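Keep in mind that the numbers below use all heavy atoms, side chains included, and drop hydrogens, waters and symmetry copies. Keep in mind that what you see is a predicted model, and the values were worked out from it rather than measured.
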Amino acid sequence: RESLPPAKYLTWSYYEIWIAGLSKLLLDRGLATKDEIASGRMQVAAKKVAGKLFAKDVATALAKGGPTSRENMHPTTHTRLPRYLRGHEGEIMRLHGTHIFPDTNAHGKGEHPQALYTVRFSTHDIWGEPRHPRDTVSADLWESYLDPA
């Protein structure tokens with residue numbers, strides 16, 4: 001999804017964006033070819049993968065769940081920090097724990113676990129004089145997005 005050109009990302013539906021992202025992952029990992037995605041049918045032998053999940057085991061796997069918490073690390077990757085929040089001072093309101101960092105994991109570059117925080121910003125600091133002086137904006141931000149004061 002992050003690799004889509006802005007014009008497509010902003011005009012495609014939610015489902016078009018997800019299908020494009022999933023198709024890219026399948027292509028990048030050699031699990032499908034462009035022709036297979038276009039036709040919706042397997043055309044070459046399946047690539048062997050570790051840890052298959054069979055239909056009969058889905059309910060058990062979903063019931064069991066799988067934690068995303070990991071030991072903390074500090075990766076250097078691209079950011080999903082909204083541009084309008086960059087460079088602004090906020091207040092950490094909540095620590096959600098340490099989790100798999102989606103910016104690297106989604107691209108096959110590893111889990112790179114790190115802390116996830118809810119950070120609150122004053123709308124006055126972001127956009128100037130607000131309609132309501134006590135308005136705030138909160139964002140869930142990964143530790144590598146934050147610049148300690």
* **Partner residues of Ala139 under the side-chain contact (heavy atoms from CB on, under 4.5 Å) criterion, sequence neighbours left out** => Leu85, Leu141

* **Residues forming a side-chain contact (heavy atoms from CB on, under 4.5 Å) with Ile92, sequence neighbours excluded** => Tyr117, Val119, Leu146

* Structure fact -> Distance col, row Leu116:CG vs Arg94:CZ, nearest 0.5 angstrom, shows 9.5 Å

* Verify the cluster assignment for Ile126 and Tyr145: are they in a single hydrophobic cluster under the rule of side-chain heavy atoms below 4.5 Å apart? => yes

* Asked: Can you name the residues that form a side chain to side chain donor-acceptor pair (under 3.5 Å) with Trp18, not counting sequence neighbours?
  -> Tyr14

* Taking only residues two or more places apart in sequence, or in another chain, which ones meet Thr11 in a side-chain contact (heavy atoms from CB on, under 4.5 Å)? -> none

* **salt bridge (Lys or Arg N to Asp or Glu O under 4.0 Å) contacts in which one or both residues fall within residues 113-130, not counting sequence neighbours** => Glu91-Arg120

* Pairing residues for Ser39 by the side-chain contact (heavy atoms from CB on, under 4.5 Å) criterion, not counting sequence neighbours -> Arg41, Gln43

* **Tyr84: partners by ring pair (Phe, Tyr, Trp, His ring centres under 6.0 Å), with sequence neighbours left out** => Trp127

Please list every donor-acceptor pair under 3.5 Å in which a side-chain atom of residues 26-34 meets a protein atom from a residue at least two apart or in another chain.
unit_1 : atom_1 : unit_2 : atom_2 : d
Asp28  : OD2    : Lys24  : NZ     : 2.7
Thr33  : OG1    : Glu36  : N      : 3.1
Thr33  : OG1    : Glu36  : OE1    : 3.4

* **Listed once per pair and sorted, the side chain to side chain donor-acceptor pair (under 3.5 Å) pairs that draw on residues 48-57, sequence neighbours left out** => none

* Taking all non-hydrogen atoms of both residues into account, name the closest pair between Glu111 and Thr104 and its distance. => O-OG1, 3.8 Å

* Using a side-chain heavy atom cutoff under 4.5 Å and only I, L, V, M, F, W and Y, what cluster partners does Met42 have? -> none

* Please name the pair of heavy atoms, one in His88 and one in Phe121, separated by the smallest distance, quoted to 0.1 Å. => O-CE2, 3.5 Å

* Tracing side-chain links under 4.5 Å among I, L, V, M, F, W and Y, which residues wind up in one group with Tyr9? -> Leu4, Leu10, Trp12, Ile17

* If you measure from OG1 on Thr98 to CD on Glu143, what distance do you get to the nearest 0.5 Å? -> 7.5 Å

